[in-house]
A.B. asks: 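Here it is: the structure, laid out below.
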There are 2 protein chains.
Amino acid sequence: MATSIHISLDHKCYLREPESTELGKKIISESIRLINALGFEQFTFKKLGAEIGSTEASIYRYFENKHKLLVYLVSWYWAWVDYTVMFQTHNISDPRKRLCRALEVLTKAGQDDDPNIAYIDERILYRIVVAESSKVYHTKEVDAENKEGYFLEIKRLCRRLAQMVLDLNPAYPYPHALISTVMDAAHQQMYFAKHLPSLTDIKDTQHPEEETKDFLKHLLFSTIDSIQYKSKQSNHG
Amino acid sequence: MATSIHISLDHKCYLREPESTELGKKIISESIRLINALGFEQFTFKKLGAEIGSTEASIYRYFENKHKLLVYLVSWYWAWVDYTVMFQTHNISDPRKRLCRALEVLTKAGQDDDPNIAYIDERILYRIVVAESSKVYHTKEVDAENKEGYFLEIKRLCRRLAQMVLDLNPAYPYPHALISTVMDAAHQQMYFAKHLPSLTDIKDTQHPEEETKDFLKHLLFSTIDSIQYKSKQSNHG
DNA sequence: TATTTATAATAGCATTACTATCATAAAAGT
DNA sequence: ACTTTTATGATAGTAATGCTATTATAAATA
């Protein structure tokens, strides 16, 4: 991850490409800081404008509204995680080790201390994704936005990881469901550890990501392994 | 569930108890319909007032804002599921069968066709919870609201189910994390089946709850069973 | 040099998210 | 029967939000 890479999105949730101008990059970098500080509900384009010494109207030329900006940030995050997973796993031939490595990337995405893109702080972005990302698809516009391709990045990562599950056990019948559950839980458990500790066993001390990884690693491999190859039925129930 | 029961909350997210008056009950029943129809973002107290032939100001006497109304609805839902789980499992002595039954209640909560409370449509409420419930704790006020007891109902259910996990295998180290993951996934997978099918293997045809139940049953029991009693370490890694 | 493009500055407007006041009808207390 | 409280409705008002439109100007490009 030392050399400069470029993360590009598969869709256009923006009006003008933020990467192409100074103001656009400032919008991205400061919105990450401001959404993290205020929470998405309290965040407005007016406040963002004030923060970057620009105006509401100027920001509206880049994004139709704050929801589409959040779609951009979350999509960028998933594209970045997908790239990192691909990079970190492509030369691991053992399917079990490969999936294990991928899970490590997923759970440690908030620990990244080697930023690629000068104007994107991945560690703060990670916190936004943990706290706010479910809001990008929990809206009445989800079907229309899905058609526009707004969720292609997370789908691509899900497909990649589901394939890793099948590489390990081609008989497992729910690879996408299992992966989306794990992807979600990786964030959810970190959030619970911090804010709703009764809903988890992960402690918000020292290395919660490590504990979350252990929890999910066991869950993931137990689930995959307990389906017999060439048998689609489990022995439970 | 035939005889009339009463679901009461462990906290006060309301200003005036909605159950105590006609207007209060209308606020609850119509808000369920309206949030389902418009989505939470487009839902306002003004629109609700118009719908029930009352005014914004009158509704504000019951709830400080629409967020607290959502907290009420979601808390009511979890209290109701908790009651149903308790009722449906309390005379099952086999821990495996008991947990299995509990999981069935969790995944079939949207199928309930025997409403207890005249003014609450549990089937529509279920759809609201699936689509909007994550918004109740993904806010900047989560810690303050947690202190006020706003999440006691979901915590109680999580504790109850986690205990069932331990009854089955006292050596399993992450019972709460496992249960909160499954509770979340039960809703998430149903939502994905309908709106983001690439993120799941559950098909939105005929009986998606049944498929979700099968997926989660296998995941849950594989995970619990693969920890050896008196051994805290898994053999994966 | 002409022209396009990007931004800033300002204004404006409908809606949202409330709060406050007052009148009135119903319910409860004495 | 009579006060008094309580619940609702009606109306008004305010600050903030979520935009859109217009114009001026500076910078980049043709």
Side-chain angles (χ1 to χ4, degrees), chain A residues 12-31 34-35 37-73 119 132 135-136 138-141 144-145 150, chain B residues 12-31 34-35 37-73 119 132 135-136 138-141 144-145 150:
Chain A
K12 281 192 179 174
C13 57
Y14 48 79
L15 298 170
R16 179 173 306 173
E17 188 147 28
E19 289 184 313
S20 65
T21 66
E22 274 313 301
L23 180 62
K25 285 185 243 181
K26 265 207 244 172
I27 289 172
I28 299 304
S29 62
E30 274 308 309
S31 67
L34 205 55
I35 291 172
L38 304 178
F40 188 64
E41 279 70 33
Q42 304 306 314
F43 168 84
T44 68
F45 279 181
K46 193 165 196 171
K47 290 173 185 172
L48 177 58
E51 208 69 22
I52 63 183
S54 179
T55 62
E56 223 182 337
S58 296
I59 299 166
Y60 273 106
R61 294 210 185 83
Y62 285 82
F63 293 98
E64 266 185 68
N65 50 53
K66 69 175 181 174
H67 176 255
K68 304 227 170 178
L69 170 57
L70 185 64
V71 170
Y72 183 91
L73 296 177
Y119 63 96
E132 319 280 6
K135 293 166 190 170
V136 308
H138 283 145
T139 71
K140 274 288 158 183
E141 294 78 37
E145 296 190 343
Y150 285 15
Chain B
K12 282 190 180 177
C13 58
Y14 48 79
L15 298 170
R16 180 173 305 172
E17 187 148 26
E19 289 183 315
S20 65
T21 65
E22 275 313 301
L23 179 62
K25 285 184 244 180
K26 266 207 245 172
I27 289 172
I28 300 305
S29 62
E30 275 308 308
S31 68
L34 205 55
I35 291 172
L38 305 177
F40 188 65
E41 278 71 34
Q42 302 307 313
F43 168 83
T44 68
F45 279 180
K46 193 165 197 171
K47 291 173 186 171
L48 177 59
E51 207 70 23
I52 63 183
S54 180
T55 62
E56 223 182 339
S58 297
I59 299 166
Y60 272 107
R61 292 205 185 88
Y62 285 82
F63 292 98
E64 266 185 68
N65 52 52
K66 68 175 182 172
H67 176 256
K68 304 225 169 177
L69 170 56
L70 186 64
V71 171
Y72 182 91
L73 296 177
Y119 63 94
E132 318 281 7
K135 293 167 191 170
V136 307
H138 283 143
T139 71
K140 273 287 158 185
E141 295 77 35
E145 297 191 343
Y150 286 15

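A, B, ... follow the sequence lines: proteins, then strands. Residue 1 opens every chain. Hydrogens, waters and symmetry mates play no part in the numbers below; they use all other heavy atoms, side chains included.
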A.B. asks: Just to be sure I understand the rule, does B:F63 reach a base, reach only the sugar-phosphate, or reach nothing, if contact means heavy atoms closer than 4.0 Å?
C.D. replies: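 The answer is nothing, as B:F63 stays clear of every strand by at least 4.0 Å.
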A.B. asks: Rounded to the nearest 0.5 Å, what's the gap from CD1 on B:I35 to NZ on B:K66? Could you check?
C.D. replies: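 Taking CD1 in B:I35 and NZ in B:K66, the distance rounds to 8.5 Å.
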A.B. asks: Would you check if there is a donor-acceptor pair between the side chains of B:Y72 and B:S31 at a distance under 3.5 Å?
C.D. replies: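 Absent: no donor and acceptor within the cut-off.
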A.B. asks: Quick one: pull up CD in B:E145 and NE2 in B:H67 and give me the separation to the nearest 0.5 Å.
C.D. replies: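 Going from the CD atom of B:E145 to the NE2 atom of B:H67 covers 4.5 Å.
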A.B. asks: Between B:K68 (NZ) and C:dC18 (P), how many Å, whole number?
C.D. replies: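 About 10 Å, once rounded to whole Å.
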A.B. asks: Report yes if at least one side-chain N or O of A:S54 is closer than 4.0 Å to OP1 or OP2 of C:dA8; otherwise report no.
C.D. replies: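 Answer is yes, contact under 4.0 Å.
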A.B. asks: From A:E64 CD over to A:L69 CG, what is the distance, rounded to the nearest 0.5 angstrom?
C.D. replies: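 Going from the CD atom of A:E64 to the CG atom of A:L69 covers 12.5 Å.
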A.B. asks: Any chance you could measure B:I28, atom CD1, to B:I52, atom CD1, to the nearest 0.5 Å?
C.D. replies: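 Between atom CD1 of B:I28 and atom CD1 of B:I52 there are 9.5 Å.
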A.B. asks: Distance check, rounded to the nearest 0.5 Å: A:E51 atom CD versus A:I27 atom CD1?
C.D. replies: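 Answer rounded to 0.5 Å: 13.5 Å.
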A.B. asks: Starting from P on C:dA26, measure out to CD on B:E22 and report it in whole angstrom.
C.D. replies: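 Between P of C:dA26 and CD of B:E22: 15 Å.
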A.B. asks: Mind checking A:G24 for me? I need base, sugar-phosphate or nothing, with any heavy atom below 4.0 Å counting as a touch.
C.D. replies: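 No contact at all - A:G24 keeps every heavy atom at 4.0 Å or more from the nucleic acid.
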A.B. asks: Please report the distance, rounded to the nearest Å, between CG in B:L48 and P in C:dC18.
C.D. replies: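 To the nearest whole Å, that distance equals 14 Å.
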A.B. asks: Would you give a per-nucleotide map of nucleotides 13-30 of chain D, 5' to 3', where B means the base has a protein non-hydrogen atom under 4.0 Å away, S means only the sugar-phosphate does, and - means neither?
C.D. replies: ----SBBBBB--------
A.B. asks: With a 4.0 Å limit, can you tell me whether A:Y62 has a side-chain N or O closer than that to the phosphate oxygens OP1/OP2 of C:dA6?
C.D. replies: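 It does not, given that no N or O in the side chain of A:Y62 lies less than 4.0 Å from OP1 or OP2 of C:dA6.
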A.B. asks: Tell me the interatomic distance from B:R16, atom CZ, to D:dG9, atom P, rounded to whole angstroms.
C.D. replies: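 Result: 11 Å.
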A.B. asks: Round to the nearest Å and state the distance from B:F40 atom CZ to C:dA17 atom C1'.
C.D. replies: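 Rounding to the nearest Å, CZ of B:F40 and C1' of C:dA17 are 12 Å apart.
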A.B. asks: Indicate whether OP1 or OP2 belonging to D:dT8 is found under 4.0 Å from a side-chain N or O atom of B:T21.
C.D. replies: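 For B:T21, the contact criterion (side-chain N or O under 4.0 Å from OP1 or OP2 of D:dT8) is met.
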A.B. asks: Look at all strands and tell whether A:G53 reaches a base, only sugar-phosphate, or nothing, counting heavy atoms closer than 4.0 Å.
C.D. replies: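 Sugar-phosphate contact only - A:G53 comes under 4.0 Å of backbone atoms but never of a base.
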A.B. asks: Considering only NZ, NE, NH1 and NH2 on the basic side and carboxylate oxygens on the acidic side, decide whether B:E41 and B:K135 come within less than 4.0 Å.
C.D. replies: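 Yes, charged N to carboxylate O under 4.0 Å.
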A.B. asks: Looking only at side-chain N and O atoms, does A:S58 come under 4.0 Å of OP1 or OP2 in C:dA8?
C.D. replies: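 Checking A:S58 against C:dA8: at least one side-chain N or O falls below 4.0 Å of OP1 or OP2.
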